[in-house]
Amino acid sequence: IPHLGRAFTAPAVVDGLAVLRDLDRRREHPFLRAHPVVAVDVTHAGPADAAELVLVLRQGAAVDWGVAASDPLAVLEPAVDRKLDALGDVEAAYPGLRGVTRINVVSSTPYVRSGS
């Protein structure tokens with residue numbers, strides 16, 4: 001944690017903030033209007049973790065987001081707009097994200113985990 005008044009420089013935090021800026025630029029996307037992001041979990045960010053950044057939605061579901069668009073590995077993942085559209089597809093299949101606990105949008109086909 002930086003001293004008071006200093007910027008965060010840890011790569012995971014910088015990437016998490018970059019994702020929040022990307023999402024803010026797309027705040028009118030229907031999925032984000034219905035399901036705002038309330039937190040970004042950066043505790044698993046790093047070269048050893050596949051999930052990288054995890055978004056937490058107001059509804060409580062976690063979204064395995066992957067890497068920030070500025071990360072060199074981002075070319076291996078769907079673009080930000082495609083990830084948001086995939087989340088919209090999940091919302092259409094699970095209205096209100098009812099029962100959904102986790103969504104992975106790192107690959108071209110989202111993976112959904114729901115509670116029983």
Side-chain angles (χ1 to χ4, degrees):
I1 296 178
H3 292 288
L4 185 63
R6 304 265 181 173
F8 281 91
T9 58
V13 174
V14 171
D15 287 349
L17 291 170
V19 167
L20 287 174
R21 281 190 299 276
D22 281 343
L23 296 176
D24 186 55
R25 284 190 287 271
R26 293 161 173 88
R27 66 182 161 267
E28 294 305 315
H29 190 281
F31 183 83
L32 291 175
R33 285 198 326 259
H35 303 284
V37 173
V38 296
V40 178
D41 181 351
V42 300
T43 58
H44 297 288
D49 287 305
E52 296 290 331
L53 301 169
V54 178
L55 309 181
V56 180
L57 305 178
R58 181 177 58 194
Q59 166 272 356
V63 177
D64 295 327
W65 185 258
V67 298
S70 57
D71 189 295
L73 295 177
V75 299
L76 302 174
E77 297 179 3
V80 172
D81 291 320
R82 178 62 198 120
K83 288 178 181 182
L84 290 173
D85 291 344
L87 288 169
D89 293 343
V90 170
E91 208 280 333
Y94 298 84
L97 299 181
R98 199 164 283 130
V100 173
T101 58
R102 193 168 203 100
I103 308 164
N104 184 310
V105 294
V106 177
S107 64
S108 58
T109 303
Y111 170 79
V112 177
R113 187 179 314 153
S114 59
S116 301

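L20 contributes atom CG, which lies 11.0 Å from atom CZ of R25 (distance to the nearest 0.5 angstrom). If you take NZ on K83 and CG on D64, they are separated by 10.0 Å, rounding to the nearest 0.5 Å. Rounded to the nearest 0.5 Å, atoms CD (E91) and CD1 (I103) are 9.0 Å apart. We find the NE2-CG distance between H35 and L55 to be 13.5 Å, quoted to the nearest 0.5 Å. Taking CG of L23 as the start and CG of L84 as the end, the distance is 6.0 Å to the nearest 0.5 Å.
Hydrophobic cluster of Y111: no remaining members, since no ILVMFWY side chain lies below 4.5 Å from it.
F31 is connected to V37 through a chain of hydrophobic side-chain contacts under 4.5 Å among Ile, Leu, Val, Met, Phe, Trp and Tyr, so both are in one cluster. V112 and L87 end up in the same hydrophobic cluster when Ile, Leu, Val, Met, Phe, Trp and Tyr side chains are linked at under 4.5 Å.
Looking at V90 and L97, their side chains come closer than 4.5 Å, going by heavy atoms from C-beta outward. In this structure the side chain of L53 reaches within 4.5 angstrom of the side chain of D15, judged on heavy atoms. In this structure the side chain of R21 never reaches within 4.5 angstrom of the side chain of D24, judged on heavy atoms. Side-chain atoms of V105 and W65, non-hydrogen and from C-beta on, do get closer than 4.5 Å to each other.
Residue E52 comes nearest to V67 through the heavy atom pair CG-CG1, 3.4 Å, listed as atom of the first residue, atom of the second, then distance. Of all heavy-atom pairs spanning V106 and P78, the tightest one is O-CD, 2.9 Å. The shortest heavy-atom contact between T109 and S107 is O-OG, 2.9 Å. A pairwise comparison of heavy atoms in A69 and V80 identifies CB-CG2, 4.1 Å as the closest pair.
In R6, the CZ atom is not crowded: 12 or fewer heavy atoms of neighbouring residues, nucleotides or ligands sit closer than 6.0 Å.
The backbone N or O of A61 lies less than 3.5 Å from no partner atom in the side chain of T101, so there is not a single donor-acceptor pair.
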### Check against side-chain hydrogen bond (donor to acceptor under 3.5 Å, both in side chains), D81 and H29
CA-CA 9 Å; D81 291 320; H29 190 281; over 6 Å; no

### Task
Apply salt bridge (charged side-chain N to carboxylate O under 4.0 Å, His left out) to R82 and E77, showing your working.
CA-CA 10 Å; R82 178 62 198 120; E77 297 179 3; over 6 Å; no

